[in-house]
There are 2 protein chains.
Amino acid sequence: MAEPLPVPMLDPASGSSVDRLNRVFAALADPIRRDIVARLSAADATVGELAEPYEVSTQAVSKHLKVLEDAGLVSRSRDAQKRPCHLEAEVFDLMTKWIERYRRQAEERFSRLDAVLAAMDDENENEDQRGAAS
Amino acid sequence: MAEPLPVPMLDPASGSSVDRLNRVFAALADPIRRDIVARLSAADATVGELAEPYEVSTQAVSKHLKVLEDAGLVSRSRDAQKRPCHLEAEVFDLMTKWIERYRRQAEERFSRLDAVLAAMDDENENEDQRGAAS
DNA sequence: CACTTATGCAACCGAAAGGTTGACAACATT
DNA sequence: AATGTTGTCAACCTTTCGGTTGCATAAGTG
């Protein structure tokens with residue numbers, strides 16, 4: 001039941017959607033970087049401005065921004081010595097799509113009677129899903 | 001413009017929402033773990049079943065599952081020696097909320113004339129967002 | 001009870017993350 | 001030209017990560 005599903009696959013190809021997701025999720029796993037994203041959602045800002053609230057060096061923040069940039073979450077332009085950072089919100093779509101896809105499927109499975117029926121079927125509900133993911 | 005906003009702050013308190021997000025995002029930063037989540041969205045599965053497709057040891061997968069469990073994405077029950085893994089889809093809400101919040105704000109800012117006006121204001125658009133994010 | 005199945009735990013390892021400091025490039029100002 | 005500002009690069013250190021192997025544990029099966 002429930003067609004085979006497109007099946008994602010672990011292709012490590014650099015530049016692939018998988019690789020992109022790796023970077024985006026990893027980038028947002030750090031609280032400082034998430035906070036930076038949060039602040040950039042309100043307004044563009046320079047490295048110095050962004051670094052100010054935290055108790056780490058500007059270099060550290062510069063590194064964080066590089067991570068965010070490599071993940072495609074932030075872009076930087078130039079204004080004299082300053083390099084204003086801008087949030088690229090489109091990347092959020094990538095994550096949202098991934099999340100929603102599996103959330104929906106899980107909820108679907110949960111709300112359908114399948115779960116209940118399977119539970120009544122007792123022990124053999126474990127082997128009907130072999131084609132799973134990739 | 002744009003009220004102060006709840007402001008998140010970098011509280012490292014273990015168990016806090018911030019800490020939770022750290023773990024969830026970090027958990028999903030690994031392609032194998034994302035794939036496991038994908039497969040679990042289709043059906044519960046045991047460690048062995050989950051490990052089979054990958055070229056790593058079962059212990060490695062066991063570790064991955066621990067990470068997912070600590071992040072609250074997966075729960076495990078018992079069935080004889082087997083420990084069926086189940087996807088806890090509610091956690092997705094936490095991420096979705098976080099993402100949508102800032103995505104929306106960024107888009108709002110983009111679509112409103114603020115950006116244009118601020119740009120015309122030239123240099124002084126940088127100091128109106130101090131209380132940032134939450 | 002011995003044996004196989006299914007998992008977890010501990011120790012170890014190389015690589016990557018996140019931080020620091022110190023030098024340096026680029027531009028503005030004087 | 002000299003100086004200050006803004007940001008990056010490079011080297012280094014420590015901690016975490018993802019993987020391995022080997023052994024222990026738990027629970028069905030002969």
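Every chain is numbered from 1, with letters handed out A, B, ... down the list of sequences. Both backbone and side-chain heavy atoms feed into the values below; hydrogens, waters and symmetry mates do not.
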Check whether any side-chain nitrogen or oxygen of A:Ser57 sits under 4.0 Å from OP1 or OP2 of C:dG19, and answer yes or no.
-> no
Rounded to the nearest angstrom, tell me the gap between atom CZ in A:Arg23 and atom P in C:dA16.
-> 14 Å
Could you check which of D:dT8, D:dG7, D:dA26 has an atom nearest any side-chain atom of B:Arg78?
-> D:dA26
Taking the nucleotide of DNA chain C with the closest heavy atom to each, which residue, A:Ala80 or A:Ala29, is nearer the 5' end?
-> A:Ala29
Round to a whole Å and report the spacing from CZ of A:Arg83 to C1' of C:dA26.
-> 7 Å
Whole-Å distance separating the NE2 atom of B:His64 from the P atom of C:dT7 | 16 Å
B:Lys66 atom NZ is separated from C:dC9 atom C1', nearest whole Å, by 11 Å
Whole-Å distance between D:dT6 P and A:Glu52 CD?
-> 12 Å
Side chain of A:Ile32 - closest among C:dG19, C:dG8, D:dG19 = C:dG19
Cationic N near anionic O, under 4.0 Å, A:Arg104 to A:Glu107 = no
A:Thr46 and A:Asp79, any side-chain heavy atoms less than 4.5 Å apart = no
A:Arg76 (side chain) donor-acceptor with A:Arg83 (main chain) under 3.5 angstrom = no
To the nearest Å, how far apart are A:Asp70 CG and C:dA17 C1'?
-> 14 Å
Presence of B:Ser62 side-chain N/O under 4.0 Å of C:dT7 phosphate oxygens OP1/OP2 = no
In terms of side-chain heavy atoms of A:Ala60, which of C:dG19, D:dT8, D:dG19 is nearest?
-> C:dG19
Would B:Arg23 and B:Asp19 pass as an ion pair if we require N to O under 4.0 Å?
-> yes
Residues A:Arg103 and A:Glu100 bridged, charged N to O under 4.0 Å = yes
Side-chain-base donor-acceptor pair under 3.5 Å for B:Lys63 and C:dG8 = no
Provide, to the nearest angstrom, the distance between the CZ atom belonging to A:Phe25 and the C1' atom belonging to D:dC17.
-> 18 Å
Which part of the nucleic acid, if any, lies within reach of A:Thr58 when heavy atoms closer than 4.0 Å are counted: base, sugar-phosphate only, or nothing?
-> nothing
Write down the distance between CZ (B:Arg33) and P (D:dG19), rounded to a whole number of angstrom.
-> 8 Å
Phosphate oxygens OP1/OP2 of C:dT7: is one of them under 4.0 Å from a side-chain N or O of B:Thr46?
-> yes
Look at the side chain of A:Gln59 against the base of C:dG22 and say whether a donor-acceptor pair falls under 3.5 Å; ignore hydrogens and angles.
-> yes
